[in-house]
2 protein chains.
Amino acid sequence: MTDDKVSAAENEQINFGVLDCLLGYKLRRAQMVFFDSFSAACSDLGISPGLFGVLVVVKENPGLTQTAVAKALGNDRSAMVAVVDRLESMELIERRPSKKDRRSYALYMTPHGKTFFNGLLERVRAHEDELCQYLESGEKKQLLDMLDRFPR
Amino acid sequence: MTDDKVSAAENEQINFGVLDCLLGYKLRRAQMVFFDSFSAACSDLGISPGLFGVLVVVKENPGLTQTAVAKALGNDRSAMVAVVDRLESMELIERRPSKKDRRSYALYMTPHGKTFFNGLLERVRAHEDELCQYLESGEKKQLLDMLDRFPR
DNA sequence: TATTGTTATACTCTATAACTATA
DNA sequence: TATAGTTATAGAGTATAACAATA
């Protein structure tokens with residue numbers, strides 16, 4: 001196939017119709033970009049966006065139960081089991097038996113987890129800054145503010 | 001459990017730490033809200049956000065191949081097979097043998113598909129407007145513009 | 001050789017229901 | 001009776017590799 005003679009169907013621009021003004025579609029596309037970028041930056045450390053969220057919440061709120069972390073992040077508590085298993089096997093967080101309620105665990109970040117998290121956070125910030133180059137000064141704040149307004 | 005005496009761990013506000021200023025996290029949360037709203041509005045019609053995207057692209061670009069639609073929407077062509085099967089079984093689109101290339105199909109929306117799409121679009125617009133109540137005048141345009149700038 | 005549609009496969013994520021031990 | 005963690009399970013969604021037909 002030559003460069004100056006490609007079929008119309010291949011060369012033609014796609015018409016996205018109503019998708020071009022649908023927030024749901026644009027949010028999904030943008031989120032895919034961020035997801036891929038995050039993965040490229042952190043997958044060699046074994047951390048996905050979902051695992052990162054759990055790490056942050058456990059770090060900032062030591063002693064929370066699995067169910068409380070799941071609720072905070074909008075996940076189901078059944079899905080937390082494998083996540084906590086994995087983060088515990090990486091020795092980043094630990095389950096401690098709750099003293100008040102023998103049904104539940106209190107989650108804590110380990111000392112190694114805190115060190116690991118510092119390096120991880122550098123990667124995450126770099127990935128974030130990389131993508132924020134497409135925003136003008138002040139726009140990131142506007143964007144975060146708008147995204148925060150959609151109710152859960 | 002009484003209302004005025006709940007445990008600190010349950011009542012305490014969660015500290016989201018760095019997540020509060022990470023676009024990737026906020027985009028995911030917002031997208032989940034839109035996804036759930038879309039599903040609530042359209043799932044009884046058997047249409048998910050992903051199927052809707054395919055419908056729009058086929059409607060606006062009659063005659064595209066499956067691979068071209070997949071590329072436009074950022075999906076893998078192998079995933080298109082089940083999607084087109086389903087939309088064809090709903091008699092919304094149809095595969096026609098391509099005249100130029102006997103390997104591929106040209107995709108078209110059926111007359112029934114066009115009628116169906118009009119009703120579907122009303123639902124989608126209502127769902128979009130419902131969520132846009134949380135944005136001030138002019139902000140939706142700003143938001144779409146910013147989301148569009150992140151490169152694919 | 002390369003590409004289209006297809007199949008098989010697998011992996012992640014997510015959601016539901018049911019079980020146990022505790023409350 | 002209700003809840004926490006767990007398990008099993010199933011459904012999306014997504015990605016890879018390979019194949020037959022065709023280019």
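All chains are named by letter (A, B, ...) in the order of the sequence lines, taking the proteins before the strands, and each is independently numbered beginning at 1.
Across all non-hydrogen atoms, the minimal contact from B:Arg149 to A:Tyr134 is NH1-O, 3.0 Å. The heavy-atom pair separating A:Gly46 from A:Met90 by the smallest distance is O-CE, 4.1 Å.
Atom CG of B:Asp101 is separated from atom C1' of D:dA21 by 10 Å (rounded to the nearest Å). The nearest whole Å value for the distance from the CZ atom in B:Arg102 to the C1' atom in C:dT6 is 18 Å. Between the CD1 atom of A:Ile47 and the C1' atom of C:dC13 there is a distance of 16 Å, given to the nearest Å. Put simply, CZ on A:Phe52 is 16 Å from P on C:dC13, counting in whole angstrom units. A straight line from CZ of B:Arg29 to P of C:dC13 spans 16 Å, rounded to a whole angstrom.
Considering only heavy atoms from C-beta on, B:Gln66 comes within 4.5 Å of B:Leu107 through its side chain.
Below 30°, between 30° and 60°, or above 60°: for A:Phe150 and B:Phe34 the angle between ring planes is above 60°, a perpendicular geometry.
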(message) What does the B/S/- profile of nucleotides 5-20 of chain D look like, 5' to 3', with a 4.0 Å heavy-atom cutoff to protein?
(response) BBB-----S--BB---
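In this structure, A:Arg96 forms a cation-pi arrangement with A:Tyr108, its terminal cationic atom sitting closer than 6.0 Å to the ring centre and no more than 45° off the ring axis.
Judged purely by atom type and a 3.5 angstrom limit, B:Lys140 uses its side chain to pair as donor or acceptor with the backbone of A:Cys21.
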